[in-house]
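Notes for the one structure printed next.
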Amino acid sequence: MFLAMGRQDLCGLASRFSLFKRTSIILQHLRMSKHTEAAGEVLLERKGCAGVITLNRPKLLNALTQNMIRQIYPQLKKWEQDPDTFLIIIKGAGEKAFCAGGDIKVISEASKAKQRLAQDFFREEYILNNAIGSCQKPYVALIDGITMGGGVGVSVHGQFRVATERTLFAMPETGIGLFPDVGGGYFLPRLQGKLGYFLALTGFRLKGRDVYRAGIATHFVDSGKSKIDRDKSFILVEHMDKINSCFSANTVEQIIQNLQQDGSPFALEQLKVINKMSPTSLKITLRQLMEGSSKTLQEVLTMEYRLSQACMEGHDFHEGVRAVLIDKDQSPKWKPADLQEVTKEDVNNYFKPLGSNDLEF
């Protein structure tokens, strides 16, 4: 049993990378310890020669806060330099979520109040994302449950991502007037074909083994809670030709036209979804992924920091948060409301350097 292993056995396990032959055991025993919110928003523990990070806000789906980021980052760097730490594991408390994202309601409120949180949160979050991407120790994310937005940022850039049948992955930001950040511009365009573009623009949800089949998770294990149809193919396999064809365009308008011309039930369903998204978010997201496809992770995060700050100054993000999280009427009033009204100049303004305020590593 993982938590009962001796130091020598665990270190040997990590160093030989035979860890994933026993991942189901890891999941089972790491989940055994019950944590309460009184124990803190994030727990940082040593288990043998593994550093274990537990996101500990289960009632709030382990949404990331600035305080959590400020605890995780220095400990991650410390474990990375510690010769007695052989691997780093991150998991979520409870059974519903690994991490549903950043605490965007708080960020929106702070931004409208002209507080620094909106600047500092994204800066520190992206610095953490980069630290995970460049971590010199095996970094294992147990993405059991809801994994969205900021939760993707603290998992997908690590060396190993382990999904279960309960994993629910999505980057739904275009529906809240944002964009798939936390390095989405790096990993999404590197998925098979145009899958990443499709996921980014529609916010399509992948579940269970499909998260592995898509290339987002590196491994899949059963949590032991239910039976799984192992023979079922990737949920989007029959649609990949359409996705690759329709989402290969250089403009959102052309993607929409492609979907209209395709006319299949699948294409029309995606068209219906896209038409509900923020027009501005759609355009900056497509450009983000196109540019990110040839950038390093650090370059992408610098670009995304510029986008984040422009979104904080704009209308759609705050309106999206209102419609989805505050009033919950699910009827955001986007400005501009039509794609044609989002000009090239508007989009260019989102990508402008911030001078001395730019994100640097």
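Predicted model, so just to flag it, every value in this text is computed and none were measured.
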Answer yes or no: is there a donor N or O on one side and an acceptor on the other, between the side chain of [X] and the main chain of [Y], under 3.5 Å?
X: Thr202; Y: Phe198; value: yes
X: Lys207; Y: Glu165; value: no
X: His318; Y: Met312; value: yes
X: Asn129; Y: Gly153; value: yes
X: Glu291; Y: Leu289; value: no
X: Ser331; Y: Asp329; value: yes
X: Asn62; Y: Arg57; value: yes
X: Glu319; Y: Lys333; value: yes
X: Asn348; Y: Lys344; value: yes
X: Gln309; Y: Ala118; value: yes

As a quick check of understanding, evaluate side-chain contact (heavy atoms from CB on, under 4.5 Å) for Val347 and Arg287, giving each step before the final call. CA-CA 9 Å; Val347 174; Arg287 178 168 163 184; 3.9 Å; yes

Lys/Arg N to Asp/Glu carboxylate O, Arg70 vs Glu124, below 4.0 Å: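 The answer is yes: the pair qualifies as a salt bridge.
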
So that I can tick it off, tell me whether Glu95 and Arg166 are bridged by a salt bridge, with the cut-off set at under 4.0 angstrom between side-chain N and carboxylate O.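 Between Glu95 and Arg166 there is a salt bridge, with a charged N closer than 4.0 Å to a carboxylate O.
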
Using the rule that Ile, Leu, Val, Met, Phe, Trp and Tyr join whenever any side-chain heavy atoms are under 4.5 Å apart, tell me whether [X] and [Y] fall into a single cluster.
X: Leu286; Y: Phe204; value: yes
X: Leu61; Y: Ile107; value: no
X: Ile132; Y: Ile72; value: yes
X: Ile104; Y: Ile146; value: no
X: Leu236; Y: Leu271; value: yes

Assess whether side-chain contact (heavy atoms from CB on, under 4.5 Å) is satisfied between Arg205 and Met148, documenting all intermediate values. CA-CA 9 Å; Arg205 297 182 172 196; Met148 298 183 182; 3.8 Å; yes

Do [X] and [Y] have side chains that approach each other closer than 4.5 Å (heavy atoms only, starting at C-beta)?
X: Asp241; Y: Ile243; value: no
X: Leu178; Y: Val321; value: no
X: Thr54; Y: Val42; value: no
X: Lys105; Y: Ile326; value: yes
X: Glu360; Y: Thr302; value: no
X: Lys137; Y: Gln159; value: no
X: Leu259; Y: Ile274; value: yes
X: Pro138; Y: Ile88; value: no

Tell me the closest heavy-atom pair linking [X] and [Y], and the distance in Å.
X: Ala214; Y: Leu195; value: CB-CD2, 3.8 Å
X: Asn258; Y: Ala249; value: ND2-CB, 3.8 Å
X: Ala200; Y: Thr285; value: CB-CG2, 3.8 Å
X: Arg161; Y: Ile216; value: NE-O, 2.9 Å
X: Thr167; Y: Thr147; value: CG2-OG1, 4.4 Å
X: Val52; Y: Trp79; value: N-CH2, 3.5 Å

Sequence neighbours left out, cut at 3.5 Å: what donor-acceptor pairs do the side chains of residues 260-267 make with other protein atoms?
| residue | atom | partner | partner atom | Å |
| --- | --- | --- | --- | --- |
| Asp262 | OD1 | Ser264 | N | 3.0 |
| Asp262 | OD1 | Ser264 | OG | 2.5 |
| Asp262 | OD2 | Lys242 | NZ | 3.4 |
| Ser264 | OG | Ala267 | N | 3.2 |

[X] side, atom [atom1]; [Y] side, atom [atom2] - distance, nearest 0.5 Å:
X: Lys352; Y: Leu307; atom1: NZ; atom2: CG; answer: 13.5 Å
X: Cys311; Y: Tyr350; atom1: SG; atom2: OH; answer: 5.5 Å
X: Asn56; Y: Leu43; atom1: CG; atom2: CG; answer: 4.5 Å
X: Lys77; Y: Ile127; atom1: NZ; atom2: CD1; answer: 10.5 Å
X: Ile176; Y: Arg322; atom1: CD1; atom2: CZ; answer: 13.5 Å
X: Lys114; Y: Gln119; atom1: NZ; atom2: CD; answer: 10.0 Å

Among side-chain atoms of [X] and [Y], is any donor-acceptor pair under 3.5 angstrom?
X: Gln288; Y: Glu304; value: yes
X: Asn67; Y: Glu41; value: yes
X: Asp103; Y: Thr65; value: no
X: Thr85; Y: Arg46; value: yes
X: Glu345; Y: Asn349; value: no

For Tyr305, ring-ring contact (aromatic ring centres under 6.0 Å, His included) partners two or more places apart: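 If we apply the ring-ring contact (aromatic ring centres under 6.0 Å, His included) test to Tyr305, skipping adjacent residues, there are no hits.
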
What donor-acceptor contacts under 3.5 angstrom involve side-chain atoms of residues 179-192, with partners at least two apart or in another chain?
| residue | atom | partner | partner atom | Å |
| --- | --- | --- | --- | --- |
| Asp181 | OD2 | Tyr126 | OH | 2.7 |
| Arg190 | NH1 | Tyr186 | O | 2.7 |
| Arg190 | NH1 | Gly292 | O | 3.0 |
| Arg190 | NH2 | Ser293 | O | 3.2 |
| Arg190 | NH2 | Lys295 | O | 2.9 |
| Gln192 | NE2 | Arg213 | O | 3.3 |

Might you work through the side chain to side chain donor-acceptor pair (under 3.5 Å) test for Asn250 and Gln254, ending with a clear yes or no? CA-CA 7 Å; Asn250 293 327; Gln254 185 62 54; over 6 Å; no

Can you confirm whether more than 12 heavy atoms, excluding those of Gln330, are under 6.0 Å from its CD atom?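 Enclosed: over 12 neighbouring heavy atoms sit under 6.0 Å from CD of Gln330.
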
So does Tyr212 have more than 12 non-hydrogen atoms from other groups sitting under 6.0 Å from OH?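 No, not enclosed.
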
Start with the C-alpha gap between Leu55 and Phe98, add the side-chain angles, then the distance that decides, and say whether side-chain contact (heavy atoms from CB on, under 4.5 Å) holds. CA-CA 8 Å; Leu55 308 177; Phe98 165 67; 4.2 Å; yes

Distance under 6.0 Å and angle within 45° of ring axis: Arg306 vs Phe351: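 Ring-cation test returns no.
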
Step-by-step side-chain contact (heavy atoms from CB on, under 4.5 Å) determination, Ile90 to Tyr139: CA-CA 8 Å; Ile90 185 168; Tyr139 182 94; 3.4 Å; yes

